[in-house]
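The structure appears right after this line, and notes come after that.
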Amino acid sequence: MIRLHGIANCDTVKRARAWLTAQDRPHEFVDFKKKLPTEGDLRRWSQALGGVDVLVNRRGTTWRQLDEAQRESAGSADGALALLQSKTSLIKRPVVEWEDGAVTAGFDEAGWQQRLGG
């Protein structure tokens with residue numbers, strides 16, 4: 001089953017969930033606010049995505065609210081992982097674990113359509 005991780009009130013997550021439902025694709029939703037991703041989750045996702053940098057949402061309000069030292073800590077893999085674990089709103093959403101084992105971050109309708117064979 002497709003597992004979609006994110007924050008329930010995030011507009012992108014809402015669109016992604018609605019899209020999967022419209023495509024008649026059952027999925028499990030895991031809310032970061034109710035079940036924090038573990039360090040193991042974050043490491044596994046970052047490895048599958050080609051680096052932790054892909055997981056860091058540098059466009060959102062949470063990133064802009066960080067002080068300079070926190071932003072600099074995101075420059076190393078371990079620093080970024082620690083920051084993502086303490087501030088889950090910094091994780092690019094949604095993180096999707098697909099049935100084939102692949103992991104994606106963000107909602108890309110065309111890419112998802114292609115992935116699902118449509």
Side-chain angles (χ1 to χ4, degrees):
M1 175 172 289
I2 298 167
R3 182 175 286 166
L4 187 141
H5 302 262
I7 297 172
N9 65 352
C10 170
D11 289 339
T12 305
V13 170
K14 287 178 186 177
R15 282 195 319 271
R17 292 177 71 192
W19 187 88
L20 285 170
T21 299
Q23 303 302 309
D24 199 27
R25 295 296 182 146
H27 59 281
E28 175 186 357
F29 174 63
V30 181
D31 190 334
F32 287 153
K33 301 296 182 181
K34 295 179 181 176
K35 183 181 183 296
L36 296 174
T38 65
E39 181 182 348
D41 291 332
L42 294 169
R43 287 190 184 279
R44 184 170 34 83
W45 296 339
S46 65
Q47 183 177 19
L49 292 166
V52 70
D53 230 29
V54 179
L55 280 176
V56 180
N57 178 5
R58 288 182 168 81
R59 293 182 176 185
T61 304
T62 305
W63 177 261
R64 290 190 299 271
Q65 292 174 343
L66 297 177
D67 62 38
E68 195 56 39
Q70 290 172 309
R71 288 182 189 170
E72 286 179 18
S73 74
S76 73
D78 287 338
L81 287 169
L83 196 57
L84 292 173
Q85 196 166 19
S86 68
K87 297 186 181 297
T88 56
S89 296
L90 282 173
I91 300 172
K92 185 172 184 178
R93 302 177 296 270
V95 175
V96 181
E97 295 177 288
W98 297 94
E99 294 168 317
D100 64 2
V103 175
T104 59
F107 177 51
D108 170 19
E109 185 174 335
W112 287 21
Q113 189 70 47
Q114 184 177 20
R115 169 174 291 288
L116 294 174

Find the distance between [atom1] ([X]) and [atom2] ([Y]) and round it off to the nearest 0.5 Å.
X: L36; Y: D41; atom1: CG; atom2: CG; answer: 10.0 Å
X: M1; Y: E99; atom1: CE; atom2: CD; answer: 8.0 Å
X: Q70; Y: S86; atom1: CD; atom2: OG; answer: 7.5 Å

Check: T88/K35 side-chain N/O donor and acceptor closer than 3.5 Å: no
Listed once per pair and sorted, the side-chain hydrogen bond (donor to acceptor under 3.5 Å, both in side chains) pairs that draw on residues 11-26, sequence neighbours left out: W19-E109
Spell out, yes or no, whether [X] and [Y] are grouped together once hydrophobic residues are joined by side-chain heavy atoms under 4.5 Å, including indirect joins.
X: L90; Y: I7; result: yes
X: L49; Y: L84; result: yes
X: W98; Y: V95; result: no

For [X] and [Y], which heavy atoms make the closest approach, and how far apart are they?
X: A16; Y: F107; result: CB-CD1, 3.8 Å
X: W112; Y: G106; result: CZ2-O, 3.6 Å
X: Q85; Y: P37; result: NE2-O, 3.7 Å

For a 4.5 angstrom cut-off between non-hydrogen side-chain atoms, does [X] reach [Y]?
X: V13; Y: L4; value: yes
X: H5; Y: I91; value: no
X: L42; Y: V52; value: no

Whether F32 and W45 hold their rings parallel, tilted or perpendicular, with breakpoints at 30° and 60°: tilted
Side chain to side chain contact (heavy atoms under 4.5 Å, CB included) involving R58 - partner list, sequence neighbours excluded: D53, V56, W63, A74
Test side chain to side chain donor-acceptor pair (under 3.5 Å) applied to R115 and D108, T104, D100, the passing residue: D100
Pairs flagged by salt bridge (Lys or Arg N to Asp or Glu O under 4.0 Å) wherever residues 67-83 is involved - sequence neighbours left out: R43-D78
